[in-house]
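Note that the structure is predicted; figures quoted are calculated from it, not measured.
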Amino acid sequence: MSKSLKNFITIKESLESMTATQLRIMFLLHAWDKTLDYSDRSLSAAKVYEKEINNFIINVRAIVRESRAAKKDNQGKHNFTQNEKQLLALFQAKQSEAHSAICNNFNTPQLLKVFRDLISAANTYIQEHVSSTNEGLLEKIAKYVVRMHRILGVFPEKSGLEIGISAESSASIEDVVAPFIRVFSSFRDNVRSLAQSRAESKEFLALSDKLRDEELFNLGIRLDDRDDGKALIKFIDPEILKRERDEKIEKELEKQREKEKRLHEHEQKRLEKLAKGKTPPNELFKDTEGLAQYSKFDDYGIPTNLIDGTEVTKNARKKLQKAYDAQIKLHEEYNVYISTKKS
């Protein structure tokens with residue numbers, strides 16, 4: 001980049017379109033000793049990577065929290081089958097690959113690819129073993145991913161991405177739980193009110209959706225529905241949730257704008273086509289341009305002779321007939337449009 005080429009941008013200006021974390025990831029996705037491709041594509045790649053990392057960590061946190069809250073009796077089973085052995089072996093191999101990437105000229109693009117492959121394998125394991133995941137193994141992998149990204153400077157020490165039991169908060173228990181209690185107290189009041197008025201079931205469902213999509217959302221809680229009917233509880237930074245929601249809304253608005261633009265263009269083309277049908281078929285070739293080319297016309301208004309008196313060739317006659325037939329159809333459509341518009 002150079003000021004003389006007018007493509008110079010400061011970090012402060014960059015942070016207007018991306019977060020500090022996304023900027024760090026974008027740098028890491030490029031080799032330190034090569035030219036960085038600062039573009040929308042690079043920014044998009046950084047955002048995708050950040051989302052993959054955050055989603056994985058949030059999923060593991062939810063699984064670990066749910067497992068500890070359930071306190072299930074494992075009946076002597078350590079839940080470490082061949083599937084867990086394979087995942088552990090892959091985890092150990094990826095740790096070795098990560099070390100090699102760091103030693104190989106600090107190859108951060110390769111390093112991030114190693115993390116992405118590890119996360120992909122762990123996500124596959126989670127999807128295939130929903131009800132029997134080994135949360136201990138997943139917790140180890142997630143902690144490793146967080147630790148390595150903190151070493152790289154992607155996540156600060158206090159980033160809200162702690163796995164398992166987090167450090168004690170200086171805030172009192174009342175301060176922490178009060179917002180959540182208020183939400184559920186209000187929810188309870190509304191449920192009682194609907195029940196007393198014998199409201200329809202759809203009103204209860206609407207109230208439940210509001211709790212999930214608005215009130216818990218604003219508190220940084222996401223409830224993901226699962227096949228077994230029990231939602232997976234995820235605690236996410238409210239700012240991240242709001243940013244994701246804003247991006248989703250913007251994408252939907254962009255789709256709507258594109259749709260409206262296509263419909264407008266389609267309507268414009270339709271109106272232009274209808275405007276051509278305003279001319280009756282027998283007058284099609286008798287405009288200024290037609291009278292400058294032809295001297296005689298038949299009963300239907302189709303030219304028979306050119307301006308110099310010579311007859312129109314058979315080939316030309318076929319083309320004129322084809323245009324005439326098309327104009328009949330256009331003129332009929334135009335008349336229907338006009339009559340509809342008047343009514």
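Looking only at side-chain heavy atoms (C-beta outward), L111 and L152 come within less than 4.5 Å of each other. Side-chain atoms of E333 and L330, non-hydrogen and from C-beta on, do get closer than 4.5 Å to each other. Contact check for Y49 versus Q22: no side-chain heavy atoms found under the 4.5 Å cut-off. Looking at F27 and T108, their side chains never come closer than 4.5 Å, going by heavy atoms from C-beta outward. The closest side-chain heavy-atom distance from L87 to I141 is below 4.5 Å. K261 places none of its side-chain heavy atoms less than 4.5 Å from the side chain of R257. Inter-residue side-chain proximity for Y144 and F115 is flagged as met; some heavy-atom pair is nearer than 4.5 Å. When side chains are defined from C-beta on, E50 counts as touching T19, because their heavy atoms get closer than 4.5 Å.
At a threshold of 4.5 Å between side-chain heavy atoms, the hydrophobic network of Ile, Leu, Val, Met, Phe, Trp and Tyr places I151 and L118 in one connected group. Both W32 and L28 are part of a single hydrophobic cluster, where members link through side-chain heavy atoms under 4.5 Å apart. Criterion: ILVMFWY side-chain heavy atoms under 4.5 Å apart, direct or through other members. Under it, Y334 and Y324 are not part of a common hydrophobic cluster. In the hydrophobic cluster analysis, where Ile, Leu, Val, Met, Phe, Trp and Tyr join through side-chain heavy atoms closer than 4.5 angstrom, V48 is grouped apart from L241. Taken together through direct or relayed side-chain contacts under 4.5 Å among Ile, Leu, Val, Met, Phe, Trp and Tyr, I328 and Y337 form parts of separate hydrophobic clusters.
Side-chain N/O atoms of Q321 and D325 include a donor and acceptor closer than 3.5 Å. If you check the side chains of D308 and T310, you find a donor sitting under 3.5 Å from an acceptor. A side-chain donor-acceptor contact under 3.5 Å links E84 and T81.
Seen from the ring of F297, K286 counts as a face-on cation partner, given the 6.0 Å and 45° thresholds.
Summarising the local packing, CD of E289 is surrounded by 12 or fewer heavy atoms from other residues, nucleotides or ligands at distances under 6.0 Å. Applying the 6.0 Å contact sphere to CD1 of I126 captures more than 12 heavy atoms from other residues, nucleotides or ligands. More than 12 heavy atoms of other residues, nucleotides or ligands sit less than 6.0 Å from atom NZ of K47. Around CD1 of I11, the count of heavy atoms belonging to other residues, nucleotides or ligands within 6.0 Å does not exceed 12. The number of heavy-atom neighbours closer than 6.0 Å to CZ of F184, taken from other residues, nucleotides and ligands shown, is 12 or below. For K234, the NZ atom counts as densely surrounded, since its 6.0 Å shell holds more than 12 non-hydrogen atoms of other residues, nucleotides or ligands. More than 12 heavy atoms of other residues, nucleotides or ligands lie within 6.0 Å of CZ in F180, so this atom counts as buried by the packing criterion. Taking a 6.0 Å sphere around CG of D40, one finds it holds 12 or fewer heavy atoms contributed by other residues, nucleotides or ligands.
Nearest heavy-atom pair across P109 and A31 is CG-N, 3.5 Å. Counting all heavy atoms, side chain and backbone alike, P179 lies closest to L219 at CB-CD2, 3.7 Å. Listed here is the closest heavy atom pair of A101 and Q110: CB-CG, 4.1 Å. Among all heavy-atom pairs drawn from T279 and H331, the shortest one is O-ND1, 3.6 Å. Taking all atoms of both residues into account, the shortest heavy-atom contact from A122 to F56 is CB-CE1, 3.5 Å. The minimum heavy-atom distance linking K140 with F91 is given by the pair O-CZ, 4.0 Å.
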Review point. Would K248 and E244 satisfy salt bridge (charged side-chain N to carboxylate O under 4.0 Å, His left out), going step by step from the backbone distance to the final call?
Key: CA-CA 6 Å; K248 184 179 179 181; E244 288 180 356; over 6 Å; no
Exercise for review: Please assess L23 against M26 for the test side-chain contact (heavy atoms from CB on, under 4.5 Å), listing each intermediate value before the final yes or no.
Suggested key: CA-CA 5 Å; L23 183 60; M26 187 174 72; 3.8 Å; yes
Practice item. Check step by step if salt bridge (charged side-chain N to carboxylate O under 4.0 Å, His left out) holds for K51 and E247. Key: CA-CA 12 Å; K51 190 172 183 179; E247 289 175 357; over 6 Å; no
Check your understanding: Given the rule in the side-chain contact (heavy atoms from CB on, under 4.5 Å) test, do I307 and Q293 qualify, once you have shown the distances and angles that lead to the verdict?
Key -> CA-CA 5 Å; I307 195 68; Q293 294 183 61; 5.8 Å; no
Check your understanding: Can K242 and D246 be said to form a salt bridge (charged side-chain N to carboxylate O under 4.0 Å, His left out), step by step?
Key -> CA-CA 6 Å; K242 289 174 184 176; D246 291 343; over 6 Å; no
Point to revise | Criterion side-chain contact (heavy atoms from CB on, under 4.5 Å) on V146 and K143, from CA distance to verdict | key: CA-CA 5 Å; V146 171; K143 282 183 175 180; 5.8 Å; no
Practice item. Begin from the C-alpha positions of E260 and Q256 and carry the test side-chain hydrogen bond (donor to acceptor under 3.5 Å, both in side chains) through to its verdict. Key: CA-CA 6 Å; E260 289 174 357; Q256 184 61 30; 3.2 Å; yes
Point to revise | Test log, rule side-chain contact (heavy atoms from CB on, under 4.5 Å), inputs L223 and I233 | key: CA-CA 5 Å; L223 301 180; I233 304 170; 3.9 Å; yes
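With ring centers used as reference points, H30 lies 6.0 Å or more from Y38.
Atom CD of Q327 and atom CD of E332 lie 10.5 Å apart (nearest 0.5 Å). A distance of 9.5 Å separates CZ of R212 from CG of D224, quoted to the nearest 0.5 Å. Rounded to the nearest 0.5 angstrom, I302 CD1 and L284 CG are separated by 9.0 Å. How far CG of N335 is from CG of L274: 10.5 Å, rounded to the nearest 0.5 Å. F235 CZ to L216 CG: the interatomic distance, rounded to the nearest 0.5 Å, is 9.0 Å. Separating the CZ atom in R188 from the CG atom in N190 is a distance of 11.5 Å, to the nearest 0.5 Å.
The residue from K259, E267, H266 that alone fulfils the side chain to side chain contact (heavy atoms under 4.5 Å, CB included) condition with L263 is K259. Residue I57 forms a side chain to side chain contact (heavy atoms under 4.5 Å, CB included) with just one option from I53, N59, N55, and that option is I53.
With hydrogens and angles ignored, the 3.5 Å screen pairs no side-chain donor or acceptor of N104 with any backbone N or O of N107. A donor-acceptor distance shorter than 3.5 angstrom exists from the side chain of T124 to the backbone of S120, with no hydrogens or angles considered. Formation of a donor-acceptor pair under 3.5 Å by the S42 side chain with backbone atoms of D37 is found in this model. Without hydrogens or angle criteria, S14 side chain to T10 main chain gives a donor-acceptor distance under 3.5 Å. Between the side chain of S186 and the main chain of V183, no donor-acceptor pair closer than 3.5 Å is present. The closest donor-acceptor contact from the side chain of S96 to the backbone of Q92 lies at 3.5 Å or more, if one exists at all. Side-chain N or O atoms of H129 include one that pairs as donor or acceptor with a backbone N or O of Y125 at under 3.5 Å.
Under the 4.0 Å criterion applied to side-chain N and carboxylate O atoms, E254 and K251 are not assigned as salt-bridge partners.
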